[in-house]
Number of protein chains: 4
Amino acid sequence: MNAGIARTTKDTPRAEAQRERILCAAQRCFIEYGFHAASMASIAETAQMSAGLMYRYFENKSAIVLAIIERQLQEGRTQIAQLHSSSELAAALYDVFTRWQARDPSVMNAALFLEMSAEATRDPQIAAALRGSDALILSDLAGWMNRAREDGGLGLPAESVATRAFLLECFIRGLALTAVRQPDLPPGTIKDAIDSVVSRLLSP
Amino acid sequence: MNAGIARTTKDTPRAEAQRERILCAAQRCFIEYGFHAASMASIAETAQMSAGLMYRYFENKSAIVLAIIERQLQEGRTQIAQLHSSSELAAALYDVFTRWQARDPSVMNAALFLEMSAEATRDPQIAAALRGSDALILSDLAGWMNRAREDGGLGLPAESVATRAFLLECFIRGLALTAVRQPDLPPGTIKDAIDSVVSRLLSP
Amino acid sequence: MNAGIARTTKDTPRAEAQRERILCAAQRCFIEYGFHAASMASIAETAQMSAGLMYRYFENKSAIVLAIIERQLQEGRTQIAQLHSSSELAAALYDVFTRWQARDPSVMNAALFLEMSAEATRDPQIAAALRGSDALILSDLAGWMNRAREDGGLGLPAESVATRAFLLECFIRGLALTAVRQPDLPPGTIKDAIDSVVSRLLSP
Amino acid sequence: MNAGIARTTKDTPRAEAQRERILCAAQRCFIEYGFHAASMASIAETAQMSAGLMYRYFENKSAIVLAIIERQLQEGRTQIAQLHSSSELAAALYDVFTRWQARDPSVMNAALFLEMSAEATRDPQIAAALRGSDALILSDLAGWMNRAREDGGLGLPAESVATRAFLLECFIRGLALTAVRQPDLPPGTIKDAIDSVVSRLLSP
DNA sequence: CATGAATGAGACTTCATTCAT
DNA sequence: CATGAATGAAGTCTCATTCAT
């Protein structure tokens, strides 16, 4: 079987576009149905191509799941990175939170984030991807906190940075879960909460 | 609570025991494989009964999933309730966190918690169950914070209690997600973080 | 997936009968279409059961193929064993040959024998099964040749027995291939040929 | 020979070369994977051309299979013809046998020979091709046996030639099957066996 | 009450073949 | 002449669910 035929190594723009189509469709399906309940057929239909064609671009469903996960992590990291590049962390968090609540497809989907976290418990590949992503986010946050104020950082003392970054990451995770579980939470509540945390957490 | 769980037979003690057997088995399977990947056959085997028999006590797999979710919520609420009944919230949080990391079956499983949260996005019944549970937990926490010190509460001012309770719930959620994503996090880090949050959050 | 459920270990008479049904059906299909072209669906239809049910009795198609192969080898060995128990080896060979030509289902099918030999080139499990069977047949033949005449043997000298047995096995293989390739070969030709070989090969 | 092979384009030298490329590639794939398991994609890759292009030279996969079979028969006949052109039949048989064991691609592949024989059971076109080839080989052998010694033949009496030729063909078939089933058979064993058969079979 | 054999739908995946470029 | 993207049918296998016993 398979007979030694490589079917996934293509670098043409066309192939890249197809992969993109598939990943977008997969993302929509995974969000709508979940990783397991989303079938290759549903993804193919969403991507408006035959199911068989997808196998020219991804070795199997697992590869698509993994690609989506890495994509989401990238997006998440980008979001987070942009967060602290602004001095307005609180505002940015609020913005992200409301997008999570609204399931705005332009940001990493929160439910998918939860599902992939749970899946990491069982799938070593996913676990590895998550670990890598988490470490990067954490060091991004810590770096920003520690950097001098004139370089766009917060100028916080190095010894307190690790705990602060960890707490911030933890809080953001809590926000993600909250956005999923309380999609109707009034904006005021969340705004106050975020302001309160950010001011306490990032004050010298 | 208990909304819409279809039961096929009546409420004899025997039937109740059977249901319990099934739910315990299902919980173990769901934790090990996830909601979708766990098969009715695996649950039956774990429960040491035939697959067919399970249908006398639950209408279908969905009903079992829903029952498990409600069960986990009950357990979670019990855990949380016991948390604040003690004055040692920080210690209790630390204890729960390490159990989550270790996947101790005696506390609500964190990965299952995430998975059911994600599932709530797609299933209105599950969403309703979660909403109910969350509201109860929140009011438990707020009540405890507001209650007078001589009644085992914290005696915090009523106007700050809502935000504090919300933040605490959010932090706990963050801890759950963290326990799943960083099962190897050293105890020191988490202990410091919890202490720090609790002291800042619950000080007048 | 699979979730640790054993699905093939049954020893009830019922299960044994089902396995038998499946193997008979599989044998017919393999003969009619070949190992690869015979689909699980065709086997299921022939066995008059659903395709899914077969997986309760055999782990996968490979297991069925292997079981058929071992079955054919058993049958072949039985045939061979009965051959030399009689002093009429030539007659027996002639009888088998004509059955091979006629594709008499009561003896090991010759085409299947060829196909499984070719398959052994690629599948180590099949190769192992064949090796074992061949060794047994060879030792059966050698033993019979060497055994004393009063014990139903040929009383041939031990030092010539290995070559004679090997040549006989080789000739029998040639007959199998010939039966497949020349199903219309007139009986006279083959009778003369067999007589000639047997007399030359087994004379002291 | 060559009966019924559909060709899509005309007989330019270029086209002939392309066909040759395809057949060489197909032969390698069929040997490695078998007729059914070898995919058109694997053949195309081996032939270093696109899958689509092959359809310019062969109507479909069946046509390639048939062409390969006819090719193998040609090669086989050539091999056999060269065998008896030498006075050293035994040496030549030994040589061929070891090549079969080693799967030397320069001689007809034995496993493929078995597979196509089995396939002849199901496909009339293949059966016809085999019948033709066998008849030719047989008459070659008989002719050589009957021809006068001064003409490079064996000068055997005409009335015994048919049986002898048939037996030789049968023995060669047995050798092919043996080479496949016992690829590790020690050279000594097979050498003795061949010498023994040849001397008995070709002595006046 | 209980079993587990049986089904049928549907999942993932492969592959011969076609066709626009 | 040549490509390789695309399709659709078919194949293997799983599993929730039912039902005769």
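Because the structure is predicted, anything quoted here is derived from the model rather than measured. The chains referred to below are lettered A, B, ... by the order of the sequence lines, with proteins before strands, and numbering in each begins at 1.
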Nucleotide [N], atom [atom2] - distance to [atom1] of [X] in whole Å:
{"X": "D/Lys61", "N": "E/dT17", "atom1": "NZ", "atom2": "P", "value": "8 Å"}
{"X": "C/Phe58", "N": "F/dT12", "atom1": "CZ", "atom2": "P", "value": "15 Å"}
{"X": "A/Arg21", "N": "F/dA5", "atom1": "CZ", "atom2": "P", "value": "15 Å"}
{"X": "A/Glu16", "N": "F/dG4", "atom1": "CD", "atom2": "C1'", "value": "17 Å"}
{"X": "C/Ile43", "N": "F/dT12", "atom1": "CD1", "atom2": "P", "value": "8 Å"}
{"X": "C/Leu53", "N": "F/dT18", "atom1": "CG", "atom2": "C1'", "value": "14 Å"}
{"X": "B/Met54", "N": "E/dG4", "atom1": "CE", "atom2": "C1'", "value": "12 Å"}
{"X": "A/Glu59", "N": "E/dC12", "atom1": "CD", "atom2": "P", "value": "16 Å"}

Seminar exercise, completed: Whichever of C/Ala51 and D/Ala51 has the more 5' nearest nucleotide on DNA chain E, that residue is C/Ala51
Problem set entry | Contact nearer the 5' end of DNA chain E, comparing B/Gly52 with A/Gly52 |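 Its nucleotide being nearer the 5' end, the pick is B/Gly52.
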With respect to the side chain of [X], which nucleotide from [options] is positioned closest?
{"X": "A/Ser39", "options": "F/dT17, E/dC12, E/dT17", "answer": "E/dC12"}
{"X": "B/Met40", "options": "F/dT3, F/dA5, F/dT17", "answer": "F/dT17"}
{"X": "A/Asn60", "options": "E/dT13, E/dA16, F/dA5", "answer": "E/dT13"}

Exercise. Nearest nucleotide by nearest heavy atom, which residue falls closer to the 5' end of DNA chain F, C/Ala41 or A/Thr12?
Worked result: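 The 5'-side residue here is A/Thr12.
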Exercise. Between the side chain of A/Ser117 and the main-chain N/O of A/Phe113, is any donor-acceptor distance below 3.5 Å?
Worked result: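 A pair under 3.5 Å: yes.
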Exercise. Within the side chain of C/Arg103, is there an N or O that forms a donor-acceptor pair under 3.5 Å with the backbone of D/Thr121?
Worked result: yes
Shortest non-hydrogen contact between [X] and [Y], atoms and distance:
{"X": "A/Ser50", "Y": "A/Ala44", "result": "C-CB, 3.9 Å"}
{"X": "D/Phe58", "Y": "D/Leu23", "result": "CZ-CD2, 3.7 Å"}
{"X": "C/Ala25", "Y": "C/Ile43", "result": "CB-O, 3.6 Å"}

Exercise. Closer than 4.0 Å, any side-chain N/O of A/Tyr55 to the OP1 or OP2 of E/dT14?
Worked result: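 For E/dT14, OP1/OP2 do not have a side-chain N/O of A/Tyr55 under 4.0 Å.
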For this session: Compare side-chain N and O positions of D/Arg56 against OP1 and OP2 of F/dC1 and report whether any pair is under 4.0 Å apart.
Result: yes
With sugar-phosphate meaning primed atoms plus P, OP1 and OP2, does [X] contact a base, only sugar-phosphate, or nothing at under 4.0 Å between heavy atoms?
{"X": "C/Gln48", "value": "nothing"}
{"X": "A/Ala44", "value": "nothing"}
{"X": "C/Ala37", "value": "nothing"}
{"X": "C/Ser50", "value": "base"}

Exercise. Taking a pair as Watson-Crick or G-U wobble with both distances under 3.5 Å, which nucleotide is matched to F/dA9?
Worked result: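 F/dA9 is paired with E/dT14.
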Exercise. Paired with F/dT21: which nucleotide, if any, by Watson-Crick or G-U wobble criteria at under 3.5 Å for both distances?
Worked result: E/dA2
Exercise. So D/His36 and C/His36, would you call those rings parallel, tilted or perpendicular, with 30° and 60° as cut-offs?
Worked result: parallel
